[in-house]
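Letters go in sequence order (proteins before strands), and every chain restarts at 1.
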Amino acid sequence: MTPLCLMEDVRKTFRMGDDAVEVLKGIDLEIIPGEFAAIMGTSGSGKSTLMNLIGCLDVPTSGRYLLAGREVLGLQDDDLSVLRNAHIGFVFQSFYLLPYATVLENVLLPTLYRESAMDHTEERAVELLRLIGLEARMHFRPNRLSGGEQQRVAICRAMMNDPELLLADEPTGQLDSKTAAEIMNLLAKMNERGKTVIVVTHDPAIAASAKRIIRIKDGVIVDEQAG
Amino acid sequence: MKRTLLNLKIAFGSLGNFKLRTALATLGVFFGTFSLVVVGNLSDSLALKTEQEIANLGNNLIIVVSGQIRRYGPNTALISRATNLTLGDAEAIANALPATSRVSPSGFKAFPVRRGNTVLKAIAVNGVTPDFGEVRNFEIAEGSPITEEDDRFQRKVALIGRTTAEKLFGEENPVGKTILIWRVPCQIIGVMAEKGSDVAGNDQDNQLFVPLKTFLRNFVNQENVNIIYVQAVSAEAIDPLRREIEALLRVRHGIRKEMKDDFTVVDLKEVTALKSQAMGLISVLGRIAAAASFLIGALGILSIMILIVNERRVEIGIRRAVGSRKRDIILQFLMESSFISVSGGIIGMAAGFLMSLAIVKVLGYPVSVSVPGLLLAFAASALSGIVAGIYPSFKATQIHPVDIIRS
Ligand SMILES: Nc1ncnc2c1ncn2[C@@H]1O[C@H](COP(=O)(O)OP(=O)(O)O)[C@@H](O)[C@H]1O
Ligand SMILES: [Mg+2]
């Protein structure tokens, strides 16, 4: 099967003034469609940096990265936007819902930037909200929802454009363990529906939901195991 | 469309945090469109008023007065006490110059008028030919006009203006009654339709009209007239005809090259020029004030937009993450800034519109709406919003999603 993500010797160096810090030091990684993987590592090990590269929010300093068969290195900013919009859904630790938009409007946000129009856009968004049990509150502002509910809305937003890849960076970092388990269940459900899911976490209990665990330390992958 | 609506809604939510600043910023644009619309509508009204005044004097009218009018001004009297013009001059103009359609010589002098115990000290009495009404756009409301026979037989008949009629007769119908003009008893045969004031501001309804020959024989006892009204065949014919009349009269009056004319062919456009000049000055001042207001408004919107972009860094980062391109962000914030300015601008246009209506009403000018003025105001308000939004929206594109997620 052709991999969804293929990284070969990917390096990322951050330049801060005169200092250059190499955060990723040669990553080789293959993610095939339908996987549910967890990226684990201690704080500062480079998990988020790797996640941002996988999600095309940033580009490697060197190496090769193919997303859905396309070389990412050398793409223009606009091309990266289009790529993200079509192929990737993001879930962040701090939810990041727009405070002045309703729950439904937040879910619809990625559709505003689609290259091709989508049929039944609004029905789709409502359907997603029904799936997470927040249909009744779709016209609420996000600040009236609990943290767990907001994160579920964020997952709907990530799902809205029907991307192949769902990326979640510490999605449960601000939630209690019970709510965290619910969120992981939801991500597992999305994986069952055919989405490739990658979760970044430092919590072994969370990583346990995944089918594959990728350990990263000091910018290199140190260990891989099936979950 | 949906995207625009949603974006505007989000913008509104965020503007809610800066209500006072937003209001102050829009105030500049408000005053900008306000003054543009007021100035535009007022100058249009004035132009229309001037046009009406000139048309009111008579269609394609040329006025030749005896003597020199030294200075044109807002109160230039288009009548003269000098009497250098003759009936022969009038006939010569009519016969020699084909661009004339009608010629109406006229005498003028103020006389006391009496009816019973009511005495009016000085009423303008005009000696006129039957053509006068046509040439000067005077109409008769009641009764009958002065005829060729009235003139030829020097009948002692008179047409009376509305104001004079009211003074002498009150509610009574003056037609058929006799009044004493100076010491000549005249029978009133008609009442003139109301005409209002002329370019010089004189009440044209406070006067009397008698046949020209009656006037020359019985009132002033002379052959010459004060004024010759000439109607040109068309508006285009006016200017060349004025020059022909000047040349003709100089020859007839034996005026040599270096000598001054003893008559004046009045340029009606010049008579109204002073008023237009004053309005021109007001227009310029208004436009300068508008430009300053737009500048202040644009600066206000610029500062608001910088605040807004800062407040919404996370939103921008998230939009970028879910796939908005830089140009989408630029477009979004340009829309927001121009929306702010256009809102202020439209309110200013409406206020300016009402204001110009009020001013025009007070001045008694005709209502006129300057469409170019409205368009200019709208365009200027949109433009100041767009210009104000350029820097903040480019600032917004500098926000990178990775930086947002990291903080
Ligand atoms: N944009 C950046 N500029 C400079 N240093 C960065 C940047 N992003 C990450 N880093 C550094 O890279 C290291 C790894 O960061 P990160 O990938 O966020 O780790 P993790 O998510 O595993 O905690 C940290 O030392 C961090 O300070
Ligand atoms: Mg991290």
A:Thr49 portion near chain B, given a 4.5 angstrom heavy-atom threshold: neither
Portion of A:Leu112 that has a non-hydrogen atom of chain B nearer than 4.5 angstrom: both
Salt-bridge present (A:Arg130, A:Glu127; N to O < 4.0 Å): yes
A:Tyr96 versus chain B, the contacting section by heavy-atom distance below 4.5 Å: both
A:Arg144 charged N/C atom sitting above A:Phe140 aromatic ring, 6.0 Å / 45°: yes
A:Glu170, part contacting chain B, at a heavy-atom distance under 4.5 Å: neither
Under 4.5 Å from a heavy atom of chain B, the part of A:Arg114 involved: neither
Greatest number of heavy atom pairs closer than 4.5 Å to chain B - which of A:Leu108, A:Val82, A:Leu80, A:Asn85: A:Asn85
Electrostatic pair B:Asp328-B:Arg325, nearest N-O below 4.0 angstrom: yes
Pairing of A:Glu22 and A:Lys12 as salt bridge, 4.0 angstrom limit: no
Option in A:Asn52, A:Asp77, A:Leu83 with maximal non-hydrogen atom pairs under 4.5 Å from chain B: A:Asp77
B:Lys49 with B:Asp44: basic N within carboxylate O range, under 4.0 Å: no
Pairing of A:Glu164 and A:Lys195 as salt bridge, 4.0 angstrom limit: no
Pairs of heavy atoms under 4.5 Å with chain B: top-ranked of A:Gly55, A:Cys56, A:Ser81, A:Pro163: A:Ser81
Interface moiety of A:Asp78 toward chain B, non-hydrogen atoms closer than 4.5 Å: both
Closest-packed option against chain A by number of heavy-atom pairs under 4.5 Å, given B:His400, B:Glu315, B:Arg320: B:Arg320
Passing option when A:Leu29 is tested against A:Ile214, A:Leu53, A:Ile216 for side-chain contact (heavy atoms from CB on, under 4.5 Å): A:Ile214
